[in-house]
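This report refers to the structure that appears directly beneath it.
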Amino acid sequence: MANSEGPVGIATTDEITLEELQLAARNHGMPLEGLRYDVTPIGMHYLLTHFDIPEADEASWIVSIGGRVRRPFVFSVDDVRSRPVVTMPVTMECAGNGRARLHPRPISQPWLSEAIGTAEWTGTPLRPLLEEASLEDDAVELVFTGADHGVQGGIEQDYERSLSIPDAMRDEVLLAYAINGQPLPPQHGFPVRLLVPGWYGMTSVKWLRRITAVSEPFEGFQMDAYRLRQEAGDEGVAITRMLPRALMIPPGFPEFFERKRILDAGPTILEGRAWSGSGTVTRVEVSADGGVSWADAALEPSVGPHAWHRWTFGWTATPGEHELVVRAADDAGDVQPLDQRWNHHGLTNNMAQRVAATVR
Ligand SMILES: Nc1nc2c(c(=O)[nH]1)N[C@H]1C(S)=C(S)[C@@H](COP(=O)(O)O)O[C@H]1N2
Ligand SMILES: [Mo]
């Protein structure tokens, strides 16, 4: 069965392969000190591209709406820009975030916990465009096709993902053409991409070329690849919205190679961000003893309805070795686990972050 975001298989050793390094050198995470910003600076936001970044000429770029619609049409990027404008901060996370911490490790893009970012996206709501196209009564889903093309799981394909009509019609679903006040850079989907707040990133199709209404659920490769399965060949469950996660800015300063933290004894403020696409974050807890005892962090209001919250925690650091742990819970009833929830593709691993610190 196809793996998501890369080669197929489960690692038999802890050593990262050259193919995984090749993916990790193209796709990058957000350095965790980037958690200090409400809006992630462009270039610090994580990046995940399955195939190649396609060449794109904005002036001639055309997006089509067709399939099971009564009035198919095409539009340009200028047409998108001339429509009602929405700008909002949105926290996006790759569904593979946490994959490399699973044992055994599913071989693919080897994320630790940094496949995250919050950008201020500008675009136009999708729904009015769908209304203008007038969906046929038998339409059940919309398929979004990107301009990038490649082979994955032995299947040659354009990158494409679908959404149900109610999910695609939500107010916050945008066709986005700017990020942090600038045109999209090539790697984030220039000149126009889909943006589906609350969902894991795979649904926000970059380099959008086609929107196709279909009368049967779409079963393309990238739909099959994002299912929670215990084994290859299981039916599995489709992955949709982001589970809760909290991350901390690693305190103090790092040792270069192991990146273990060093800090001085005394009162210090731990801080980070927490988010959930499944509900609202209700609680962030911190442990300074590896998860034995916990105390509540102070949770600030979110940066926006679809964006993360800042949290802070006052800690009196005492000399010695410490393991800091942070976990979030949301009102959908999810709490980050302390142990892995293993699955075959290494998806949605929101196991709590642990940071080793030496206090001197
Ligand atoms: N066309 C296209 N869209 C895509 C992808 C892709 O490879 N091609 N990757 C998806 C995945 S898996 C993620 S996590 C997000 C990443 O968005 P970003 O690179 O802008 O952070 O884009 C999604 N949209
Ligand atoms: Mo992803």
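As the structure lists them, so they are numbered: ligands from 1, and atoms in each ligand from 1. FYI, side chains are in, hydrogens and waters are out, and symmetry mates aren't considered; it's all heavy atoms of this structure. If you read the sequence from its start, that first residue is 1, and numbering goes on from there.
- Near Leu47, meaning under 4.0 Å from one of its heavy atoms, ligand 1 places the atoms 19 (O), 21 (O).
- The Cys94 neighbourhood of ligand 1 comprises atoms 14 (S), with distances under 4.0 Å to a heavy atom of that residue.
- Within the 4.0 Å heavy-atom criterion, the part of Ser204 lying near ligand 1 is the backbone and not the side chain.
- By the 3.5 Å distance cut-off applied to N or O atoms, His50 is counted among the residues near ligand 1.
- With rounding to the nearest 0.5 angstrom, the CD atom of Glu15 is 8.5 Å from the CZ atom of Arg105.
- Ion pairing between a basic and an acidic side chain is recognised when a charged N comes within 4.0 Å of a carboxylate O; Glu132 and Arg127 show no such pairing.
- Less than 4.0 angstrom separates some heavy atom of Thr49 from each of these atoms of ligand 1: 7 (O).
- Judged by the 6.0 Å distance and 45° axis criteria, Arg209 is positioned over the aromatic ring of Trp61.
- Both tests do not hold together for Arg273 against Trp311: distance to the six-membered ring centre under 6.0 Å, angle to the ring axis within 45°.
- Near Val205, the atoms of ligand 1 lying under 4.0 angstrom from a non-hydrogen atom of the residue are 1 (N), 3 (N), 24 (N).
- Of all the heavy atoms of Asp148, the ones lying under 4.0 Å from any atom of ligand 1 belong exclusively to the side chain.
- Under a 3.5 Å cut-off, the side chain of Glu231 and the backbone N or O of Asp234 do not form any donor-acceptor pair.
- Checking only distances, Glu93 never comes within under 3.5 Å of ligand 1, N or O to N or O.
- In Trp199, neither the side chain nor the backbone holds a heavy atom less than 4.0 Å from any atom of ligand 1.
- Heavy-atom distances between Arg161 and ligand 1 stay at or above 4.0 Å for every pair.
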Residues 175-188, side-chain donor-acceptor partners within the protein, below 3.5 Å, at least two apart:
residue	atom	partner	partner atom	Å
Asn180	OD1	Glu120	N	2.9
Asn180	ND2	Thr40	O	2.8

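- For Glu285 and Arg327, the salt-bridge test passes: some basic side-chain N is under 4.0 Å from an acidic carboxylate O.
- Taking all heavy atoms of Tyr226, Phe144, Tyr159 into account, the minimum distance to atom 6 (C) of ligand 1 is reached by Tyr159.
- Not a single salt bridge (charged side-chain N to carboxylate O under 4.0 Å, His left out) links Arg341 to another residue, sequence neighbours left out.
- Backbone and side-chain nitrogen or oxygen atoms of Phe51 are examined, and none is located within less than 3.5 angstrom of a nitrogen or oxygen of ligand 1.
- Note: Phe73 and Phe75 have tilted aromatic rings, judged against thresholds of 30 and 60 degrees for the angle between ring planes.
- Heavy-atom separations between Trp111 and ligand 1 are all 4.0 Å or longer.
- For ligand 1, none of its N or O atoms has an N or O atom of Trp207 under 3.5 Å away.
- Against a heavy-atom cut-off of under 4.0 Å, His45 is close to the following atoms of ligand 1: 21 (O).
- Salt bridge annotation for Asp224-Arg229: present, with a cationic side-chain nitrogen under 4.0 angstrom from a carboxylate oxygen.
- Considering both main-chain and side-chain atoms, Tyr46 comes within under 3.5 Å of ligand 1 through a nitrogen or oxygen pair.
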